[in-house]
Amino acid sequence: MAQKKMDIADAEKLIQWYMDHKRELPWRDTGNAYDVWLSEIMLQQTRIEAVREKFIAFKKAIPDIRTLAEYDHDALMRLWEGLGYYSRAANLQKCAKVLVEQYDGKLPEEYEQLVKLPGIGPYTAGAVASIAYGKGVSAIDGNVMRVLARYFGFKEDIREQSTKDAVFQSIQDVYRKPVSYSAFNQGLMELGEVICVPKGKVLCEHCPLYEKCYAYKNQCINSIPYRSPLKQKKIVERTLLVIRQGDRFLLHKRPEKGLLANLYEFIGVERKLSPQEALKEVEKMGMEPLHIQRLPDAKHIFTHLEWHMTAYEIQVGDMNEQNDFLFANKKELAGMAIPSAFKTYVDWFSLREK
Ligand code: SF4
């Protein structure tokens with residue numbers, strides 16, 4: 001792959017454009033590394049509009065790293081509701097505990113220290129080091145990758161490590177020059193979010209880099225970046241047993257590791273059950289089913305798999321206390337951190353039994 005390098009004049013144009021056009025965001029220019037870290041974690045897989053309000057509410061409840069380290073786990077999950085990918089919240093807290101123990105409750109300044117912390121990958125480490133501490137390191141996410149691939153004309157598959165390495169190398173000279181690395185990195189991010197967008201109208205006429213942009217000059221914006229198709233998601237058929245005794249629901253805490261770790265769920269069986277099979281499952285758990293009703297089907301999409309859910313509401317006689325099980329009435333249910341995968345059913349009961 002031919003070596004390509006951004007010249008300093010274009011880096012300076014980008015910085016100036018950023019200083020003139022940057023959007024006001026609640027975590028921007030606060031001078032607080034916690035804000036940079038928290039916002040970057042929230043923004044992974046989530047749109048900026050959804051993050052804005054959540055960030056403000058989260059900061060109100062948890063203003064600093066020490067508070068985060070000690071915060072009640074279930075309450076933390078509730079604050080995270082709506083953002084999905086709950087492991088991010090769990091990792092935030094895990095990281096906060098390490099920061100309290102090893103770094104006096106502060107985020108370290110160096111990329112090499114940041115990238116070793118739980119839940120912090122190369123992109124977030126680069127973002128915190130450059131934005132919060134002005135360090136000369138890159139922070140390349142999907143948006144930045146797209147901008148640079150178009151600007152330089154990288155036509156190779158951007159899922160390939162060799163393409164990612166070439167993109168990384170293309171801007172390293174900028175970090176040896178006396179410019180604002182924070183503004184340069186944020187300029188690339190901002191450009192990818194508002195001008196050099198993935199779909200819809202790319203606003204090249206407002207782009208500070210258009211004069212030397214390969215994709216613009218060669219009219220191939222829509223074919224760069226090239227991304228090879230992903231493998232199909234695995235489909236998992238599940239049956240949810242929404243077991244009730246009067247107004248109490250039976251919930252189960254998921255294992256400490258893996259998908260939706262430590263969160264509460266309705267009892268689930270990893271196959272599609274008929275009503276008769278569902279009743280047998282309940283009997284196997286030592287309960288006496290009295291009445292069964294089919295609930296609407298639902299689907300939940302994770303990054304690597306899809307749950308296709310069949311569900312039954314099953315009224316039972318006596319329910320025995322068992323390890324890892326919890327009973328909650330509808331009001332308690334509404335206040336718990338139930339993963340959005342089960343939202344269809346929590347909402348269904350809230351609406352039906354107002
Ligand atoms: S000129 Fe257009 S394609 Fe090139 S970097 Fe700017 S917005 Fe993207």
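Every number for a ligand or one of its atoms is a count from 1 in the order of the listing. All of these numbers come straight from a predicted model, not from anything done at the bench. Starting from 1, each residue takes its place in the sequence as its number.
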Report task. Measure the distance from atom 6 (Fe) of ligand 1 to every protein heavy atom, then report the residue, atom name and distance (to 0.1 Å) of the closest one. Result -> Cys207 SG, 2.4 Å

**Report entry** Proximal ligand 1 atoms for Tyr216, defined as those under 4.0 Å from one of its heavy atoms
**Finding:** 1 (S)

**Report entry** Option set Cys213, Pro208, Cys220, criterion heavy-atom distance to atom 4 (Fe) of ligand 1, minimum
**Finding:** Cys213

Query raised in the report: With the threshold set at 4.0 Å, does a side-chain nitrogen-carboxylate oxygen contact exist between Glu112 and Lys135?
Result: no

Requested in this report: Kindly assign one of parallel, tilted or perpendicular to the pair Trp307 and Phe342, based on the angle between their ring planes and the thresholds 30° and 60°.
Outcome: tilted

Requested in this report: Inspect the contact between Asp297 and Arg238 and indicate whether a charged nitrogen and a carboxylate oxygen are less than 4.0 angstrom apart.
Outcome: no

Query - Glu81 and Arg78 ion-paired at < 4.0 Å - result: no

**Report entry** Ser130 to Tyr181 - nearest heavy-atom pair and separation
**Finding:** CB-O, 4.4 Å

Report summary line: min-distance protein heavy atom vs atom 8 (Fe) of ligand 1 -> Cys196 SG, 2.4 Å

Report task. Between Tyr210 and ligand 1, find which residue part has any heavy-atom pair under 4.0 Å and reply side chain, backbone, both or neither. Result -> both

Query raised in the report: Which is it for Val202 and ligand 1 at heavy atoms under 4.0 Å: side chain, backbone, both or neither?
Result: side chain

Query raised in the report: Between Lys22 and Glu190, is there a side-chain N and carboxylate O pair less than 4.0 Å apart?
Result: no

Query raised in the report: Ile195 heavy atoms, cut-off 4.0 Å: which ligand 1 atoms fall inside?
Result: 7 (S)

Requested in this report: Using 2.8 Å as a strict upper limit, say whether an N, O or S atom of Cys204 approaches atom 8 (Fe) of ligand 1 that closely.
Outcome: no

